[in-house]
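Following: one structure in structure tokens, then a few remarks.
The figures here come from the full heavy-atom set of this structure, side chains too, leaving out hydrogens, waters and symmetry mates. Both ligands and their constituent atoms are indexed starting at 1 by order of listing.
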Amino acid sequence: MKIAIASDFHLGYERFREDAYRQAESALEQAATVADAIIIPGDVFDMRVPKPDVLAEAINLFRNLSKKDWKAKVTEVAATSKAYTRAPILAIPGTHERRAQGVENPVNLLGLAGLLVDISDGYAVLEKGAEKVMVYGIGGVSEERFLETVKKLDPKPKPGHFNIFMFHQSTYELLPFSDDFIRAEQLPMDFDLYVDGHIHNKVEKRVHGRHFLIPGSTVLTQLKEAEQEDKGFIVYDTVANSYTFHKINSRKFVLAKVELEGKDPARVASDIRKAIDGAVQDGTQAPVVRVELTGSMKKGSRSIDVDFNRIVKDYQGRAIVEISKPGMETIETSTDVDSLRKGSLENMSVKDYGLGIFLEKLKQGKYELGVGPSDLFDLLSEEGSKDKVIKKALEELFS
Ligand SMILES: [Mn+2]
């Protein structure tokens, strides 16, 4: 069976809302023509409570897809899962869709509408002719709860099937941010393929001797070095045990570094323009160009003497230009923030970073109440009626 793996569409992502939609559409349409099934390891949406027009985007994307005459069909789901379509489109919610337990998330809604099958904390079996593929899914949870979830659910492969384990987390090997992150070797054993979301650039590794694959996001979000590579999706051939990467049409991101050392303002401006010119290609969609300035200008010249706004405006329509000036970003230096900025931890979401700080503070405060710290964080960060949420949090704390 040929399984397309497409991830992290981030529908509704404010900065590149149209890109998010169009590039997800491009990935899904292409995937439907080359693969027998599509699996989505989380972050279909950029937010936990999308507005109706963002939900509408998702419905539009999946409606035709779910009606296509697929050769592979969903033939079985875990007792705990409900499936309202046999179309082989399987998904889990990611961290961006994570809500407090027992509260509906938007991926679950798409499942209820029969547009895909939400397999979080369960599995689905896909069949095409004599081939059987089982996909086990665990939706995104806070990193410190993931190992506990894996232990509790104890995912096991099904004999006679090609078995895929799909999740949405960081592993310690990818982001050595905290000891709470799962080690790759702690992932459930004996699956034939490990599929992960969450990380927005492509990752190809091996776990337990099998492929461990992350397709990366279909839309630019972080504008970090690794996002300069092509966006797309992976197609895994379960018979050949091999895969290919399929590029989609997507907005390009270029990170250009310009050295200021000893240059006067006019030279700096012309060097910045040269760097942007190098990234702009006529006839293609305007790229995002981030110009990073390093070093300091010629003695006596001030950065105010370079008209950065003029440069940004001059490229309007041809490039979306961002210029980061040294000395402009002042952030208190703590080792965490330093290491975050240094790049080994580039992919952490702000929410996860916030959760990390929250957990650290609770530890320092010798927090000892019954409800898990990340459950508390989820409850407190729920949208909607704050009164209700605080009441629920208090109930959880003191019941
Ligand atoms: Mn994501």
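- Taking the six-membered ring where the residue is Trp, the centroids of Tyr194 and Phe212 are separated by 6.0 Å or more.
- When distances to the Mn ion (ligand 1) are checked against a cut-off of 2.8 Å, His96 contributes no N, O or S atom below that limit.
- For the side chain to side chain contact (heavy atoms under 4.5 Å, CB included) test with Leu187, the passing option among Val150, Ile182, Leu147 is Ile182; the others fail.
- A cation-pi geometry, defined here as NZ or CZ lying under 6.0 Å from the six-membered ring centre and within 45° of its normal, does not hold between Lys132 and Phe162.
- A donor-acceptor pair under 3.5 Å is absent between the side-chain atoms of Arg63 and the main chain of Leu115, judged by distance alone.
- Without hydrogens or angle criteria, Glu227 side chain to Thr221 main chain gives a donor-acceptor distance under 3.5 Å.
- With the Mn ion (ligand 1) as the vertex, NE2 (His10) and NE2 (His200) define an angle of 80°, rounded to 10°.
- As for Asp8, its N/O/S atom nearest the Mn ion (ligand 1) is the one called OD2.
- In summary, no N, O or S atom of His198 is located under 2.8 Å from the Mn ion (ligand 1).
- Atom OD2 is the N, O or S atom of Asp43 at the shortest distance from the Mn ion (ligand 1).
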